[in-house]
Amino acid sequence: MNSPPETPSSAERPSVTDAELLTAHINGDPHAFSEIVKRHRDRMWAVALRTLGDPDEAADAVQDAFVSAYRKAGSFRGEAAVTTWLHRIVVNACLDRMRRKSVRPVADDELIEAAERETPMPDQTLEREVSMEVSAALKLLPGDQRAALVLVDMMGYSVEDAAQVLQVPSGTVKSRCARGRAKLAPILSHLRNRSEANRVSSAKGAELRDG
Amino acid sequence: MTGDTHYDLEILAELAEGLLDADTAQRVREHLAVCDPCGELLADLAAVREVLAATPTPAMPMGVALRIDKALAVEAESRRGGGVGLAEPPDWDELMRDAPWERPAASGDVPRQAPEQTPEQPVRLGVVADDGSIVPARRRAPRRRRWAMPAVAAAAAVAVVGTAVTATGLLVAGGDGASVAPPIALPSQSSAQPSVSRDPTRARAYVVTNSDHNYSDHELRMRLNDLLGPAPALNGASSESDQVAKCVTAVSKRSKLDVFAVDRGQYNGQEALVVASWKKRATERVRIDIVDPFNCKNLRKPALGRW
């Protein structure tokens, strides 16, 4: 299971599972954990950035999370996927941070900077605007609703997976999502109109209007 | 019949999520069939999901990935050294200050930043881009790699800057670099253009480096010496350095402070000059101006930092 330690590059062991890497890490393979990090950091970053809405906070949270995962690897029980476990640590790090800092008012230019960092392509101004508005709107939600919406609506995880990450029943995830969407709807509804101008129109919306 | 009671967004969201009991759900649906405003609200709710799903998820910036690598390297170190548990996140700046150069770095470890003088090592710095899955990251990959490539050269540059510094007595913190680097520094000092770092330093009273590093606000809050130090010094007379001089003049005019270090790089992906001026020498407080190299306009609000 442990691949030769002198070939740490990811290309050398494409078929090793996360769980195997974690076991290798626990057994002292010095490269195993960095491989896990490399595989999942973009997703963890996205979750943290969306949940916290602030790149600096997100960087701190992800770092704390990975360090803590590194230490706690031995306590991983294997009853969930490694990714679920990692997500849980990241989300908890984010929620901790939110609780500790309460809500910090965010200056406009910070939001712009964050959004620019996220979508640096110059020709995607519309996308950038949307991204900024979404970040700002998400910040208005309580942490638990935000985390649920980030996982389910933004990252596309199933309600069941999100429930595992958040360690709450599926019904709770659903109701957090529902309440979160209800709060976001008035704020983001103008984006719907804008995107409908470009696209045909949301099928559901058309259905409801015409039917 | 257009019931006079409309349903609020929360009820509608619960309907969409299948959270209402059968009777209530039935009533709401019947109402929706005849009530346009409520239908609109339901469409708004669906749009929230669409908008959230369509918002792009960014890749982790290089600076953050590096930080995490560093943190884990320190963690690995403490694990091997008898598993000393760290009660709280340590001060990475402090802990890592000497590490990449001082450690023997042989026995395979979690990715070190620039442990030994193997040519493949610095490529790690570009890893975020090399993963390749994210387009924006890839777009800038060549630039990043240009910055990342010469780890040996970078280590040497610290020494060059460091010695230049001790020679002119310009930079307080330069001593760090000098104390760490000598083994690598000595050869490079004699072979690599010594005039580059010294003459301009004296003539201009500020050091110009060319890291091409893509700075983020977060990094700019860390000790700048770590960021600006290990970069190749920029050659003397060129149109580029005229530009730099122009901007330095502009910045010091605005700030009424003495500029002592300039780095050519990027700020959030945009070409930029990072201009450091002493705010308070004794406490190593600096003012950092990020300006575009063409019009010398500030790309963000000048901020205080540490050197």
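Since this is a predicted model, take the numbers as computed values, not measurements. Residue numbering restarts at 1 for every chain, and letters A, B, ... go by the order of the sequence lines.
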*Asks:* By a 4.5 Å heavy-atom criterion (distance strictly below it), what part of A:Met44 contacts chain B: side chain, backbone, both, or neither?
*Replies:*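 Neither part.
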*Asks:* Report the option among A:Ala48, A:Ala185, A:Pro186, A:Ser175 that has the most heavy-atom pairs separated by less than 4.5 Å from atoms of chain B.
*Replies:*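 That would be A:Ala185.
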*Asks:* I want to know whether B:Tyr267 and B:Tyr215 have ring centres closer than 6.0 Å.
*Replies:*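 Between B:Tyr267 and B:Tyr215, the centre distance exceeds or equals 6.0 Å.
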*Asks:* Between B:His6 and B:His31, is the gap from one ring center to the other below 6.0 Å?
*Replies:* yes
*Asks:* Assess the side chains of A:Glu35 and A:His25: does a donor N or O sit below 3.5 Å from an acceptor N or O?
*Replies:*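 No, no side-chain donor-acceptor contact under 3.5 Å.
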*Asks:* Measure distances from B:Ala16 to the heavy atoms of chain A and classify the residue's part below 4.5 Å as side chain, backbone, both or neither.
*Replies:* neither
*Asks:* With a 4.5 angstrom heavy-atom cut-off, which part of A:Val150 approaches chain B: side chain, backbone, both or neither?
*Replies:* neither
*Asks:* Inspect the contact between A:Asp64 and A:Arg97 and indicate whether a charged nitrogen and a carboxylate oxygen are less than 4.0 angstrom apart.
*Replies:* yes
